[in-house]
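Scroll down for the structure; my scribbles are underneath it.
Numbers restart at 1 for each chain; the letters A, B, ... are given by sequence-line order, proteins then strands. All values below were derived from every heavy atom in this structure, side-chain atoms included, with hydrogens, water molecules and symmetry-related copies excluded.
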Number of protein chains: 2
Amino acid sequence: MAIRPAEQLIHKAAWLYYAHGLRQDQVASQLNISRASVAMYLRKARETGIVNISTSTQLFTDDVLARKLEDALSLDAVWIAPENAHIADPSTEIAVLAASVFLELVKKGDRIGVAWGRTVYMIADVMSYADLQDVTVVQLCGNLGAPYSYRPDQCTMEIARRLNAKGLNFYAPLVLSTEELARALRDEPVIREQLSGVSECDLALYSVGAVDADSHLVKCGALTPGEMADLRSRGAAGVIAGQIIDADGKLLGCSYNRRVISAELASLRAIARRLMVVQEDSKFEPLLAAIAGGLCTHLVVGAHMAQRLLDHARAAAEKAS
Amino acid sequence: MAIRPAEQLIHKAAWLYYAHGLRQDQVASQLNISRASVAMYLRKARETGIVNISTSTQLFTDDVLARKLEDALSLDAVWIAPENAHIADPSTEIAVLAASVFLELVKKGDRIGVAWGRTVYMIADVMSYADLQDVTVVQLCGNLGAPYSYRPDQCTMEIARRLNAKGLNFYAPLVLSTEELARALRDEPVIREQLSGVSECDLALYSVGAVDADSHLVKCGALTPGEMADLRSRGAAGVIAGQIIDADGKLLGCSYNRRVISAELASLRAIARRLMVVQEDSKFEPLLAAIAGGLCTHLVVGAHMAQRLLDHARAAAEKAS
DNA sequence: CACGGCTCTCGACAAAAGTCAAATTAAGCT
DNA sequence: AGCTTAATTTGACTTTTGTCGAGAGCCGTG
């Protein structure tokens, strides 16, 4: 990909402005263009990730609650988004925080696994741009034709686009109608390769889904409300990368799971850094299940959820003693 | 280290402004302070590395010349600072570029070896602030009491301060008056430990010194101009971390070198990423020597020097064929 | 070759950010 | 306590930056 002269100019303007600290009019006279153009170039530079402005998320880990949670749940790191009267929309706050944390966790050369859902898409949406050409973003599960804009492949591609990274999509449906077909498809070289590549990821980004009629699995037609209720009564506690898990975070033995094309839980656990983000307070049980299953090393949640998790962990510890 | 309430405010202001994209007056009303205070907090946030603004140095590696040099000299990466009429001061430009490159190369948890000299100090001086608490900056060579502000320990400490990292100083003189004393001092546990810790570094930052009367070694009284001229006639080609090397980049066998307390060349070569920065065109031969000795994997130079290096490499290749 | 459609560029104005000295508060010291 | 000194905070002012519509250049097309 040859660099267009315009891109050269953007680079130069960004360099003079941000690295040298010149003012826009000084940059303009250096490059013999108008100051207005400089301002425009600088905006483009920010939008394309040529310049990177990042703020430390230290503040959110420094929370005492976050430290206590790290200990209680043996997680590597926890970030807690405040939820007070000043914050207009807690779920957006969580997404913005998660995007910052995610960018802080990404390193050069990383391979990143991304699942799908409203949360992941919201994170992608507020994520700032970066220039990480040697990064690869891979899709963790099959696709779901949906009336929503947050299809699995869109989550992956949007994040790849923001990072200026390579995006690897998964060309298979999430759920098939028979177990046989799913087995056959999983054996296809293309799919097999993609699935085995998951454990080579250095970083995963996902949320956990609830097992109820509001689930995307229901909304997208993969399961009927009745089936969902049935699974729930049989121990389903949450949804990870399109798969149903029980309260221990283990794959639930059910026809649905056998018809799904997605990364195995063991592959997910093989990823060193697993960033889980949960926005809704209602996802308490699903989150507990995911944590129990060791599907999460790094966690971003709201203050209320954090408190509930800590209370639960303490109650459990007391019961045990 | 408890976070003072003021620091909390700086964090919050930076978060709202840079991560959420609020305007200063909106931040001010959120935090119930005046907009002027917000502006001040934001400046502090930038100065302390709570927010990080970095510009890609892509532009300088994209240069065709840089690519050719990487091939010709088998270096991992080369950055070339332009030297045209618009650039007021090429050596500053090189330092600014080197500082950006350095920050791009630093990763979390790194141990960084830093040598000393005008170039290194200039880089430290223009380096922007960052918040890398788990990084350690170690001094690669002994100290030289000097009338200059760029003593070895100052280079190390200034860089550590800018990165908000731990600085590890070297409490020994660079040169001693007898070889015996130098040997004895090198055997001291404190010094021995420091020296052996050098090869555990992940990144090194240094320049190369010239073997002439203008050298710091002469200016600081470590060597007389006469001794320097003598060393030169005996094959001295450059100075690395206070030690004299020959044209092949090997340690020159001389009394001076035996009286020096500094990181061994083998230890330096054991560091995976060795960033060498050369500002002066006059340091052509010293740089050739350093490259010959494998003391450099990443290089930042000016356009003129880059051209000379390439011409030299090509002439050498032609001769060989 | 004239015509829209397109992108790029610029001047002028409005908005936002930076700065400074004065005022206020906090902190140290006798 | 009473004084001095240093550090914050602020309102008012200046400088810098963002934005928008107009105009200029460019290309493919009819």
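Within the 3.5 Å criterion, the main-chain N or O of Val277(B) finds a donor-acceptor partner in the side chain of Ser207(B).
Under the side-chain contact (heavy atoms from CB on, under 4.5 Å) criterion, Ala95(A) pairs with Met122(A), Ile123(A), Val126(A), Gln279(A), not counting sequence neighbours. With sequence neighbours left out, Thr55(A) forms a side chain to side chain donor-acceptor pair (under 3.5 Å) with no residue at all. For Asp76(A), the side-chain contact (heavy atoms from CB on, under 4.5 Å) partners are Thr297(A), His298(A), not counting sequence neighbours. Partners of Asp110(A) by side chain to side chain donor-acceptor pair (under 3.5 Å), not counting sequence neighbours, listed by chain and number: Arg273(A). With sequence neighbours excluded, the residues that form a side chain to side chain donor-acceptor pair (under 3.5 Å) with Ser37(A) are Ser34(A). The side chain to side chain donor-acceptor pair (under 3.5 Å) test applied to Arg35(B) returns Gln24(B), not counting sequence neighbours. Every residue meeting the ring-ring contact (aromatic ring centres under 6.0 Å, His included) condition with Phe60(A), not counting sequence neighbours, appears here in chain and number order: Trp15(B).
Each end of the helix from dC1(C)-dG30(D) to dT30(C)-dA1(D) gets its own axis from five base pairs, and the two axes differ in direction by 30°, given to 10 degrees.
Residue pairs meeting the salt bridge (charged side-chain N to carboxylate O under 4.0 Å, His left out) criterion with at least one partner in residues 128-137 of chain A, sequence neighbours excluded, are absent. For residues 8-18 of chain B, the set of pairs meeting the salt bridge (charged side-chain N to carboxylate O under 4.0 Å, His left out) definition, not counting sequence neighbours, is empty.
In this structure, the OH atom of Tyr18(A) is 16 Å from the P atom of dT16(D), given to the nearest Å. If you measure from atom CG of Leu31(B) to atom P of dT10(D), you get 11 Å, rounded to the nearest angstrom.
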Taking protein heavy atoms under 4.0 Å as touching, what does nucleotides 9-25 of chain C look like 5' to 3' if B marks base contact, S marks sugar-phosphate-only contact and - marks none? BBB----SBBB------
If you restrict it to nitrogen or oxygen atoms, what contacts under 3.5 Å exist between nucleotides 21-23 of chain D and the protein, and what is each distance?
none

